[in-house]
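Throughout, a chain's letter reflects where its sequence line sits, starting with A, and its residues are numbered from 1.
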Amino acid sequence: MTAHLPALQVVVPLVAALLCALLRRSALAWGLTLAASWATAAMAALLLLRVLAEGTISYHIGSWEPPWGIEYRIDVLNGLVLLLVAAVGAAIAPYARRSVAAEIAEEKQVWFYTMYLLCLTGLLGIVITGDAFNVFVFMEISSLATYVLIALGRDRRALLSAYQYLIMGTIGATFYVIGIGFLYTMTGTLNIADMAARIGEVQSTRTVLAGTAFLTVGICLKLALFPLHVWLPNAYAYAPSVATAFLAATATKVAIYLLIRIYFSIFGAAFAFEALPITEVFVVLSLAAILGASTVAAFQRNVKRMLAYSSVGQIGYITLGIGLASQLGLTGGIVHIVNHALMKGALFLAMGAVAYRIGSVRLDDMAGIGRRMPLTMASFVVAGLSLIGSPGTVGFVSKWYLALAALERGWWWLVAAILLGSVIALVYIGRVVEAAYFRAPAAAAATATEAPLSLLVPTWVLTAACVWFGIDTELTVGIAARAAAFLLGAGP
Amino acid sequence: MTAETLVLVAVLLPFAGTAPIALLGRWPNLREAATLVTAALLFATVLQVHAAVAEGARPATGAFTLLPGLDLAFAVEPLGMLFALVASGLWIVNSIYSIGYMRANKEPRQTAFYVCFAVALGSAVGVAFSANLFTLFLFYEILTLSTYPLVAHKATPEAQAGGRTYLLLLLGTSIALLLPAIVWTYAIAGTLDFAPGGLLAGRIDGSAVGVLLALFMFGIGKAALMPFHRWLPAAMVAPTPVSALLHAVAVVKAGVFCVVKVVVYVFGIDTLAGNPSASWLPYVAGATILIASLVALRQDNLKRRLAYSTVSQLSYVVLAAAILTPLSAAGAAMHIAAHAVSKITLFFAAGSIYTAAHVTEISQMDGIGRRMPWTMGAFTVGALSLIGLPPFVGFVSKWFILDAAIGAGNSVAVVVLVASTLLNAAYFLPIVYAAFFRSPPAASQGGHDHGHAHGEAPLPIVIALTLTALATTGLFWWPDGALALAIAVGKG
């Protein structure tokens with residue numbers, strides 16, 4: 001049984017999704033989603049433990065030997081991302097019942113859970129597979145499910161946002177597959193490990209360079225790197241609360257993982273960062289994201305939109321770490337994948353709880369909500385502090401590593417920019433705090449009561465994780481540092 | 001208990017005290033009793049630590065490692081001991097005062113007020129006892145965050161604006177300037193532990209010293225060095241007990257404490273004295289002293305005048321530290337205590353006047369000394385102490401600083417000290433004169449008391465301000481305990 005864990009990791013949510021589609025009662029569909037999410041998380045934890053103890057796992061689907069068959073390959077990096085995605089899914093699942101019931105029409109709820117599970121399947125598949133074309137298949141599964149999830153939002157603008165994302169997402173996926181095609185023509189393989197072994201002889205050819213460009217742009221569309229982020233704010237703002245929290249915490253993170261995988265595992269740090277100007281491009285674009293998108297966030301009046309723009313900024317921190325491509329920088333970037341997932345998940349869940357009670361997350365409607373929903377807003381404050389990077393939270397840990405990595409290169413201005421981003425985060429989080437605690441209550445907020453436990457507990461689980469992993473960094477930083485060392489040393 | 005355990009208890013006690021305070025929120029008498037008991041226990045604990053420190057022990061404890069190089073650890077040295085004694089001792093008096101003030105003025109949300117106060121005091125003790133820059137930074141930030149709700153307490157638009165300035169300037173400078181300084185220090189030294197003689201001694205030279213010093217000095221926004229002083233007048237919208245204990249003692253003293261700590265234990269006096277690029281500090285401090293005094297002259301609002309006086313007095317400590325001799329370091333430490341007891345007396349008096357007479361402007365205070373002799377008597381004591389006259393403690397610290405300035409041949413410092421003494425007299429004495437020697441305005445034209453006569457403020461207020469006035473003169477006659485610690489600071 002344990003030998004087949006890698007396959008089950010994807011098969012369990014996939015089968016659950018199919019079963020879900022056959023169900024009529026939304027309560028049953030939710031029960032199935034919950035069971036599948038928790039089982040997935042348990043399996044991901046087991047897999048990571050095995051990787052940490054025994055090293056990389058290679059699993060051959062249908063016992064076909066790679067590079068002919070599809071290989072599932074789990075090392076420290078994707079073991080960590082796998083657990084992150086599954087754990088966030090498991091934390092959000094209990095939350096879904098009430099929030100979905102409040103936001104989505106009864107007859108569509110079953111479809112929501114089906115799509116949610118398919119999305120989870122796709123994301124886990126992208127992370128676990130060792131086959132570049134298989135990645136594309138799972139990317140399509142998760143993307144198509146995501147479009148539906150977004151379109152299920154009750155605001156009519158959700159439809160338009162989903163359509164916008166559909167166009168951009170399809171371009172991204174197409175670029176990805178074109179890029180893989182180019183690499184395939186030159187190497188004759190789709191297995192990532194095999195490709196890495198063969199690419200050395202042909203890596204300076206035009207075909208491979210063009211393929212790299214397609215891959216970079218395609219994946220950066222998916223991970224919403226500035227200026228390819230335009231689909232994200234609306235999609236996050238108008239999607240159902242559960243979908244927003246889940247996608248913000250996982251979808252972009254998986255795309256970032258893919259980017260790291262391609263740069264470091266296929267091309268190797270030496271080629272990607274010395275022969276190509278990836279560092280320059282990424283540092284510049286990341287800075288634009290950190291400063292630009294965060295500034296835009298400070299002007300939003302819809303808190304979900306504000307958090308969405310903040311996501312674009314925070315993704316900038318991760319890509320900055322990738323661009324720096326040093327042990328410290330990569331550690332900071334990878335650990336921020338986890339950290340940002342935790343804090344953004346908590347923030348969006350808190351906003352989902354507010355939406356559940358007052359039906360809006362606009363700043364004006366949220367005036368005075370801090371006293372009516374103290375636990376929900378306390379969670380928002382703590383996760384918000386983490387976003388700012390206050391010591392004692394996960395945000396501080398990431399920024400500490402990124403700042404050290406910048407200093408290592410002697411880039412002063414970069415340290416300044418990293419921390420300026422924190423100050424801007426202080427402004428936009430501060431606006432929410434001020435409205436929630438120190439403004440006279442708005443009509444909707446005046447009669448609100450604290451969110452029910454099933455919403456509070458998941459929110460606080462993620463919030464507590466923001467503090468826990470900000471103090472006990474053994475697990476997150478420890479694994480991220482191992483993954484960084486592995487990626488930097490594993491280059492051809 | 002060993003001294004090491006006592007140090008941990010002292011830091012944790014106020015945080016633990018928040019639980020009974022919050023739980024007893026419905027019974028104000030019990031809640032205030034919980035505050036007083038916590039304060040008394042804290043002071044007793046700090047006194048016991050002092051007993052050990054006075055015998056030459058330097059208790060150190062609690063190395064919990066967050067990241068390589070980032071430890072949560074405490075170590076007590078004389079300067080921190082002095083700061084902790086002052087803050088915890090005055091918390092008791094201030095709690096008595098708060099009871100009178102908050103009840104008489106029917107302030108809202110008193111439970112939250114007392115909870116935030118306890119957190120602020122806990123973090124002040126944390127700052128005082130921190131063994132390295134990281135721990136210091138952690139508690140420094142908690143101190144800012146826990147006092148923000150106190151500043152915005154009244155929730156009026158004015159209070160919101162004040163809170164915004166407060167948060168933005170204090171957190172902003174700490175993130176944008178202090179944090180880079182800490183990262184830089186770590187990059188140079190590989191450690192953040194405070195060391196006698198300076199942890200950077202022998203590891204840094206050239207103009208980098210001046211730049212790093214600037215990052216530290218302006219990054220420690222709580223020291224209110226111009227141009228980052230605006231948060232202090234903005235914080236005056238808070239209820240007076242907050243202005244008294246936090247913005248005359250805990251918060252601002254944490255700021256100058258950090259300044260002295262950085263000068264003595266991070267750079268080391270010798271490193272700075274031998275480096276011309278660091279010589280700008282006395283000029284900035286001197287300019288702050290003079291400009292803030294001039295601004296104070298022009299304020300009609302009593303609390304704002306006191307706030308600008310605080311800005312000016314804080315820079316006495318910075319100036320003294322910047323003279324860079326053992327004697328001046330002792331003077332700086334002594335002035336932390338001297339200004340604390342004097343300024344809290346002045347704020348107590350200002351709050352007493354507001355409570356009894358509902359008057360905030362100096363121009364409305366003619367003749368008020370006859371109705372409120374205790375209050376204005378205490379005010380006179382505080383004012384004379386800050387001008388630097390015997391038999392009050394302000395004389396002692398000023399004497400040390402002046403002595404050190406003359407000894408070091410620092411003519412700029414001497415001129416600034418003399419000029420500011422005149423300015424202090426110019427902005428304090430007219431208040432005293434008007435209160436005692438001008439005749440009160442006729443009820444018909446003055447209108448401030450609406451025709452009914454008022455007497456002294458409630459008893460707890462009078463008790464509190466009498467106690468601090470007695471301390472102001474008591475420390476002149478019996479300065480041995482404080483002086484011993486201050487001189488030990490000078491020895492490094």
Side-chain angles (χ1 to χ4, degrees), chain A residues 328 331-332 335 367-368 370-371 374 381-382 384-385 388-393 395-408 410 412 414-427 429-431 433-435 437-441 469-474 476-478 481, chain B residues 22 64-70 72 108-109 112 123 133-142 144-145 148-149 151-188 190 208 211 215 219:
Chain A
L328 284 171
T331 306
V335 87
R371 297 189 194 293
V381 171
V382 173
L385 284 175
I388 296 167
S390 150
T393 60
F396 178 78
V397 175
S398 321
K399 283 179 188 161
W400 175 259
Y401 274 101
L402 291 174
L404 277 182
L407 266 189
E408 195 180 40
W412 287 107
L414 194 55
V415 181
I418 290 171
L419 297 168
L420 194 59
S422 288
V423 176
I424 305 175
L426 167 65
V427 173
I429 293 296
R431 285 182 72 216
V433 170
E434 194 183 288
Y437 287 94
F438 298 109
R439 267 210 245 153
F469 292 118
I471 294 171
D472 179 11
T473 58
E474 186 80 31
T476 50
V477 176
Chain B
F64 173 84
T65 305
L66 258 94
L67 294 174
L70 293 190
L72 194 61
R109 299 183 290 280
S123 31
L133 273 173
F134 171 72
T135 313
L136 183 116
F137 185 63
L138 174 69
F139 284 104
Y140 181 95
E141 297 293 56
I142 301 177
T144 308
L145 295 170
Y148 164 68
V151 171
H153 184 82
K154 284 189 179 151
T156 56
E158 194 195 358
Q160 285 177 34
R164 215 175 293 153
T165 313
Y166 185 77
L167 199 60
L168 208 60
L169 269 178
L170 284 187
L171 270 191
T173 50
S174 76
I175 294 171
L177 302 171
L178 181 55
L179 186 54
I182 294 174
V183 177
W184 190 1
T185 306
Y186 180 72
I188 294 171
V211 178
L215 284 178

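Between chain A and the options B:T65, B:L167, B:I182, B:L70, heavy-atom pairs under 4.5 Å are most frequent for B:L70. Chosen from A:I471, A:V423, A:V415, A:L407, the residue pairing most often with chain B at heavy-atom distances under 4.5 Å is A:I471. Contact count versus chain A (heavy atoms, under 4.5 Å) is highest, among B:G172, B:S174, B:A152, for B:A152.
Residue A:I418: no heavy atom, backbone or side chain, is found under 4.5 Å from chain B. Neither the backbone nor the side chain of A:A416 comes within less than 4.5 Å of any heavy atom of chain B. For chain B, the nearby parts of A:R439 are the backbone and the side chain; heavy atoms of each come within less than 4.5 Å. Proximity to chain A is limited to the side chain of B:L145, based on heavy atoms less than 4.5 angstrom apart. Proximity to chain A is limited to the side chain of B:E141, based on heavy atoms less than 4.5 angstrom apart. Looking at B:Y186, only its side chain comes within 4.5 Å of chain A, counting heavy atoms on both sides. Looking at B:L72, neither its backbone nor its side chain comes within 4.5 Å of chain A, counting heavy atoms on both sides.
The aromatic rings of A:F396 and B:F134 are tilted relative to each other, their planes meeting at an angle between 30° and 60°.
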If you apply the rule side chain to side chain contact (heavy atoms under 4.5 Å, CB included), what do you find for B:L67 with A:Y401, and how did you get there?
CA-CA 10 Å; B:L67 294 174; A:Y401 274 101; 3.7 Å; yes
Under the side chain to side chain contact (heavy atoms under 4.5 Å, CB included) criterion, do A:Y437 and B:Q160 qualify, and how do the steps go?
CA-CA 10 Å; A:Y437 287 94; B:Q160 285 177 34; over 6 Å; no
Walk me through whether B:L133 and B:L136 qualify under side chain to side chain contact (heavy atoms under 4.5 Å, CB included).
CA-CA 5 Å; B:L133 273 173; B:L136 183 116; 4.3 Å; yes
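In this structure, the side chains of A:T473 and A:W400 stay at 4.5 Å or more apart for every pair of heavy atoms.
What you find for B:A176 and A:L419 is that their closest heavy atoms are CA-CB, 4.3 Å. The two residues B:T173 and B:L169 come nearest to each other via the heavy atoms OG1-O, 2.7 Å.
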